Amino acid sequence: MRAMTDTPVPTHALDDLATPFRTHTCGALRAPDAGREARLAGWVHRRRDHGHLIFLDLRDRHGITQVVLDAHEAPAAHAVAARVRPEFVVSVAGTVTRRLPGTENPRLATGEIELRARELEILSEAQTPPFYINEPDAPVDEAVRLRYRYLDIRREPMRDRLLLRAALVRAIRDAHHRAGFVEIETPILIKSTPEGARDFIVPSRLQPGTVYALPQSPQQLKQLLMVAGMDRYFQIARCFRDEDLRGDRQPEFTQLDLEMSFVHEQTVMDFVEAMAIEVSRTVVPERPLQAVPFPRFTYEEAMERFGSDKPDIRFGMELVDLAPVLREGGEGTGFRVFDEVLGTGGRIKGIVAPGMAGASRREVDELVALARRYGAKGLVHVSIDADGAVHSPVAKFLGEERLRAMLGAAGAGRGDLLLVVADEAAVTADVLGRLRRELGERLGLVDPAVLGYCWVHRFPMYQWDADNHRWDATHNPFSGVVPEDEPLLATASGDPYRPAPDDPAGRARAMQYDIALNGWELGGGSVRIHRRDLLERSFALQGYSLERMHSLFGGILEAFDFGAPPHGGIALGIDRWAALLADQTNIREVMAFPKTSSGTDLMLDAPSVPDPAQYEELGLRFVGIAPAARADAAGTAPAGREREGERAPSEGHSGTHVPGGGAA
RNA sequence: GGACCCGUGGUGUAGCGGCCAAACAUGCCAGCCUGUCACGCUGGAGAUCGCCGGUUCGAAUCCGGUCGGGUCCGCCA
């Protein structure tokens, strides 16, 4: 054992980016290096040819260094440089030199020096790229970017976002390891579980007629790890859901998945909050946090104040209940719509758009249309202009007195616009919540640099599913109930297997917590039910018979009989988190190789028609569609992607391949 | 499953019934240039306007379909 320590360790291999092709990266050299011999390797970012003098900007992911080739100093290297084109890969050796006074470039980190080349070697030539690599802001068609993703990643914005994402994941790992978490991988080929979203399935060859499912999340596995005594588990886990895509949804995505034993709701939230603060400060130190500690709202409060279970807390514009002032004086408001809503238990609430009293007819119409699109039947607006005069299309019904009372209750001042929705509670909250978000953005009320984290917890345990006549778990079927609500896990009839819409269960609140960032849901979790009796009661309400419960969750139920610790956890969307930290609204922008909104990979041309031998081996047959037909269908077929050598050309791949671009 | 937007030289756009086998910028190619850094100057090549069909004397332009990309609703936590 001692002898081992005498073995010389090549330490440079761990802390040095030097290789046989380079002594430094393109971002490393500075003024104090002047006089040194150095060798750099990278891509030619730009070439400026002045005849006897050629400048090359050499780029790698670390930076850009200017290389000078002088026809008199190094004629051979200069001749090579004359042939070089953008995106050629070269290696260059020479002397690091301070730039001539007045020719420094303050926009480059390496701008005080340049490399006077002695020797230049072309390692690889390059075709003219399909879009600008060296102009970060140049817009490029999305499809072209995706098809040539490896070139897109060479560009500064994508490169920086992927580096940011890597920093995020690293900071997450650091924090977890320090807090005693164990990083454990769980399988990708698992069993289908009834979890809301559609599963991706993988047919089994060894067990013909059966399929694996890809995990929608490692939910059950992490709970089993708690039963296994692993205490604190985390994983940067790939998850799969076969649903339609959105800007913030891809079929495969990454979650920070974690679970802790012997915890209360508070314990998990406190850890996640501390972790999120540390991670944010490490990854984007320049972005201030809106509030620390993170505000914690009950679901009820969040819906009441923000009309959302993932509120953007970076600005005010909270929802105000207008029913009290409208009820004053009794006997109706004079406006039938309002009276009906008040009479049927609905809600009338409003938000104040500051400074929008002068909004044009067109702008207001647009807001009304927006409200309708969000599900409202209409949108009442009341404005108070700079002179204090009140205007509203419903003035003739409500009268100025009431309008002023509403404005007063809402806290609107001169120049403001009050927007009012009257509808059943859920619609009122949702519509105003969305309008609030839209207007907050539009009116510039949010500082885009700020990170506004908050918690929402105590969600309703169940939602009544009228179609199937049962209570549906709002989140996870294993979520625990708030201790004081435990007695509510019951039916009105007393028979747990006969749920009904007026059961006490409808009032039960879950030990469920969501974390939101700038109005996006970042993650959610819960303290789980670890007691067998409670679990059975909860599942009964959810419409699972004992038999069905066992066929679906048999494994975990059995495990719980062997001593399950109280436990809880959470999962956070890494893609969303990275996107928000990178100030992006689309998670494609923080994924190296994302899919299009129709679920295809334009670079790999996936999904593709399988080889008949492949599906025959699995005992599968395509019914109703001709698999080979798709190959020819692509009108704008990704060009020139013949993949010789990877696999023998097979039938069914007779698709026309557009020949690659002409010679370069 | 539905709605909307987009598709013109390599890239980004203009043109929106004849004046358009199509304009501009950039890129590309060639030549010139010793201090540039979005180098500059001169010259040149390059698109039958995603695809198919229709309307019309005439279509990049209008209509229908289709393929591809995007956004939203449904779906999805």
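Predicted model only: the values in this text are computed from it and were never measured. The sequence lines fix the lettering, A, B, ..., with proteins before strands; numbering per chain opens at 1.
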Which residues within residues 427-435 of chain A lie with some heavy atom under 4.0 Å of an atom in RNA chain B?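 Correct list: A/R434.
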
Can you sort out which residues in residues 149-156 of chain A have a heavy atom within less than 4.0 Å of RNA chain B? Ascending by number, please.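 The stretch gives none, as no residue of it lies under 4.0 Å from the strand.
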
All N/O contacts under 3.5 Å from nucleotides 2-5 of chain B to the protein, with atom names and distances to one decimal?
none

Within less than 4.0 Å of OP1 or OP2 of [N], is there a side-chain N or O belonging to [X]?
X: A/S598; N: B/G69; answer: yes
X: A/R85; N: B/C29; answer: yes
X: A/S597; N: B/G68; answer: no

Under 3.5 Å, N/O pairs linking protein and nucleotides 9-11 of chain B:
| unit_1 | atom_1 | unit_2 | atom_2 | d |
| --- | --- | --- | --- | --- |
| B/G10 | O2' | A/P130 | O | 3.1 |
| B/G10 | N2 | A/Y132 | OH | 2.9 |
| B/U11 | O4' | A/P130 | O | 3.3 |
| B/U11 | O2 | A/Y132 | OH | 3.1 |

Verify the distance criterion only: is there a donor paired with an acceptor across the side chains of [X] and [Y] at less than 3.5 Å?
X: A/Q235; Y: A/T186; answer: yes
X: A/S192; Y: A/D199; answer: yes
X: A/T95; Y: A/T97; answer: no

Could you list all N or O pairs between the protein and nucleotides 33-35 of chain B that sit under 3.5 Å apart?
| unit_1 | atom_1 | unit_2 | atom_2 | d |
| --- | --- | --- | --- | --- |
| B/C33 | N3 | A/D49 | O | 2.8 |
| B/C33 | N3 | A/G51 | N | 3.4 |
| B/C33 | N4 | A/D49 | O | 3.2 |
| B/C33 | N4 | A/D49 | OD1 | 3.0 |
| B/C33 | N4 | A/G51 | N | 3.3 |
| B/U34 | OP2 | A/H50 | O | 3.3 |
| B/U34 | OP2 | A/H52 | N | 3.4 |
| B/U34 | O4 | A/H72 | NE2 | 2.6 |
| B/G35 | O6 | A/R116 | NH1 | 2.6 |
| B/G35 | O6 | A/R116 | NH2 | 3.4 |
| B/G35 | N1 | A/E114 | OE2 | 2.9 |
| B/G35 | N2 | A/E114 | OE1 | 2.7 |
| B/G35 | N2 | A/E114 | OE2 | 3.2 |

At less than 3.5 Å, do the side-chain atoms of A/D57 and the base atoms of B/C37 form a donor-acceptor pair? no

Does A/R145 get its side chain close enough to the base of B/G69, under 3.5 Å, for a donor-acceptor pair? no

Distance in angstrom units between A/D137 CG and B/A38 C1', rounded: 12 Å

Does A/F88 have any side chain to side chain contact (heavy atoms under 4.5 Å, CB included) partners at least two apart in sequence or in another chain, and if so, which?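 Checked A/F88 against side chain to side chain contact (heavy atoms under 4.5 Å, CB included); matches are A/V44, A/V84, A/R85, A/V90, A/I122, A/E125, A/A126.
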
